[in-house]
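Note sheet for the following structure.
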Amino acid sequence: MNPRHALLALAVAASLTLVACNRAPTPDADARSDAAAAPEGETADQFIARVNAELEAMMPELTASQWLSSTYINDDSQLLAAKYNERYLAQLNRWIEQARRFEGQTMSPDTARAINLLKLGASMPPPRNPEHLAELTRIASKMEGTYGAGQYCTGEGEARRCRQLGQLEDVLRTSRDYDAQLDAWQGWHSIAQPMRADYTRFVELVNEGARDLGFADAGEAWRSGYDMPPAQLAAETDRLWGQVKPLYEQLHCYTRARLDARYPGRGTVDGGLLPAHLMGNMWQQDWGNLWDVLQPYPNAGSLDVTGALERNYQTLLNEQMVKENALIDSDRRADVAQAALLENAKRMNRRAEDFYVSLGMPRLPDSFWTKTQFIKPRDRDVVCHASAWDMNMAGDVRTKMCTKPNEEDFTTIYHELGHVYYYLAYNGRPPLFQNGAHDGFHEAIGDTIVLAMTPQYLQSIGLVGEQQQSQESLVNSQMRMALAKVAFMPFGLMIDRWRWGVFDGSITPETYNSAWWSLKAQYQGVAPASARGEEFFDAGAKYHVPGNTPYTRYFLSHVLQFQFYKALCDASGHTGPLYECSFYGNKAAGEKFWAMLEKGNSQPWQQTMRELTGGEQMDAAPVLEYFAPLQAWLTEQNEGRSCGWTAPVATQSPAPQAAAAAPPG
Ligand code: X8Z
Ligand code: ZN
């Protein structure tokens, strides 16, 4: 996630400033003082200059309260986070109110854009009713805390054992035992059940906020932040998905055949759907952990990055154990293991930083290294979901992860540093322009670098061995990337298909779960192994739902990152097939990238896109160009198989559709 972005978006509706008022206003006082807060005779330019100054002044206390509540979950930190958020959102409401004075006036294009941005992209549109706003921020903090502290406990007395998300994910990553995976999957999903009532109320409140801002509902508010009408954005996602879907269907078909072979008789669910708990990932969004099941050519050279990272960690651990002579006392041993984990995580971050620096970007500031949360602390609950933070718009950038030595976390570090470098690049802009060109851009920066992590790059940093130059090894490396990127796309789409429906009322609380699984089936071709009735709240088991982070950004990012990658490969002078390109060390590519980052969202994204790629459209053609060899190989493999799946009919609304033309095999 990108908290700064979310916060900025939230902040767009206030009027009274801390600077002007220098007090902690009660919500009632805030509402009354709206008119008084704006200096008389203020021009639109002066207004925006003031908002920018107030925003910058407020940001550190807001982000600090959120950082504390995410890295130290308890009632007190939640209370403070909710309060600061409430104060900030009230301020945002006042700014929006004040901005109305300038409607219809002529002003500079920058000021007009900034005023427009105030209202757009609010991920938690704030109700004007002060009690409702307070209730909303309380619920938001509570849900985030509930998710972060979630655990699944089994057994009684001495045998009682509780596991958090990380441990349950480990089961899905490493175990191939059908029942152990099912237990881990079901166990994690049980943590979401208590959130259902809170989420239902949350939806009412953000919809109220969205209507107060003039939107039909919160979903429309979300879709409005793309320099195009909201309906057009929805149509764009359909168009882009249409481009990629045939490739996904081939990957699905191949995967189903392999799973069927691995779990005879249990590798598919009725209708040709993939069983949710067998995909190596809690949400079936990244299938990379199924490498052992899905690797096309096991003898064509190893791409076992996780194995190498684990070995690095073990070496570090052994060295430190010997140095500390810590083999005696088990407490001390645990301390040393934690220290080795931390050192290992820092090295993984140094490695990622090195890629950015190789492009000519600056080193990360010292404070990044001292203030980042690299690993899960042992003494308290934290929100482990990875995030990148811009604390003060002036260089205090951090990430928050619970890093383990595996490939997924390694690439997530590169992803998070993409956010961090975006922050650093646009920190010179006015605060209202310190954001991604759109939110998909923000998500795509680090992932563009991940695409440049070719087998040759991985070999150069010692994470994989000598690579063969063969068709087999090409198919292997393409498969590795497809399991992360192509598998993700329908997931990236379905989450907000669900939330858009929840916000616009076409999905009601009575059908939350059936609609969720109906969309999972329609888009991903995935299903639970046993019925999931309305006693469950399975959407709540995915961080971004209780955390209220819009998700279309990730779908768009998975399209954009291939466009950016292609543009940077061109800039670097690459001439071979797209998938062979790594622009590591190429300053021309780095300059082009930085020029884009540095723009922030000071201009419509289409223009930013044109400056980088030459075109103004989002386009999945580079995805297909990149994966052309794999698509040909998959089509051949799937010959004679009956591909596609049938999505079951939802119990109530919304009406489901069959996802693919062919009947299940
Ligand atoms: O949430 C994230 C990042 C932080 S912005 C770790 N991602 C999505 C997810 O984990 O669901 C990255 C890819 C998709
Ligand atoms: Zn991200």
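On a predicted model such as this, the values are computed, not experimentally measured, just so you know. Just so you know, ligand 1 is whichever comes first in the structure, and atom 1 is the first atom listed for that ligand.
- For the pairing with Phe555, the side chain to side chain contact (heavy atoms under 4.5 Å, CB included) check across Met489, Met494, Arg497, Glu443 returns one residue only, Met489.
- Below 4.0 Å from some heavy atom of Glu443 lie the following atoms of ligand 1, by number and element: 5 (S).
- Of all atoms in ligand 1, listed by their number and element, those nearer than 4.0 Å to a heavy atom of Lys542 are 9 (C), 10 (O), 11 (O).
- Residues satisfying the salt bridge (Lys or Arg N to Asp or Glu O under 4.0 Å) test with Lys485, not counting sequence neighbours, are Asp447.
- Looking at Asn435 and Tyr422, their side chains never bring a donor and an acceptor atom within 3.5 Å of each other.
- Between His415 and His419, the ring centre distance stays below 6.0 Å.
- Residue His385 places at least one N or O, backbone or side chain, under 3.5 Å from an N or O of ligand 1.
- Taking only nitrogen or oxygen atoms, main chain and side chain alike, Thr412 does not reach within less than 3.5 Å of ligand 1.
- The distance between the ring centers of Phe410 and Tyr414 falls below 6.0 angstrom.
- The closest approach between Phe488 and ligand 1 falls below 4.0 Å for a heavy atom of the residue.
- For the pair His419 and ligand 1, the shortest N or O to N or O distance does not fall below 3.5 Å.
- Legend: residues meeting ring-ring contact (aromatic ring centres under 6.0 Å, His included) with Phe537, ordered by chain and number and at least two apart, are Tyr199, Tyr512.
- The shortest N or O to N or O distance between His415 and ligand 1 is not under 3.5 Å.
- Remark: Arg380 qualifies as a cation-pi partner of Tyr72 under the 6.0 Å distance and 45° angle criteria applied to the six-membered ring.
- Distance check for His419 against the Zn ion (ligand 2): an N/O/S atom falls below 2.8 Å.
- For residue Glu443, an N/O/S atom approaches the Zn ion (ligand 2) to within less than 2.8 Å.
- The distance between the ring centers of Tyr565 and Phe593 does not fall below 6.0 angstrom.
- Close contacts of ligand 1 with Tyr551, meaning ligand atoms under 4.0 Å from a residue heavy atom, involve 8 (C), 9 (C), 11 (O), 14 (C).
- Ring centers of Tyr554 and Tyr551: under 6.0 Å apart, within the cut-off.
- With a 4.0 Å heavy-atom cut-off, ligand 1 is reached by no atom of Tyr543.
- The aromatic ring centroids of Tyr584 and Phe355 lie less than 6.0 Å from each other.
- The closest approach between any non-hydrogen atom of Phe491 and ligand 1 is not below 4.0 Å.
- Atom numbering of ligand 1 starts at 1 in the shown order; those under 4.0 Å from a heavy atom of Ala386 are 4 (C), 6 (C).
- Within ligand 1, counting atoms from 1 as listed, the ones closer than 4.0 Å to a heavy atom of Glu416 are 3 (C), 4 (C), 6 (C).
- For ligand 1 and Gln285, the ligand atoms under 4.0 Å from any heavy atom of the residue are 9 (C), 10 (O), 11 (O), 14 (C).
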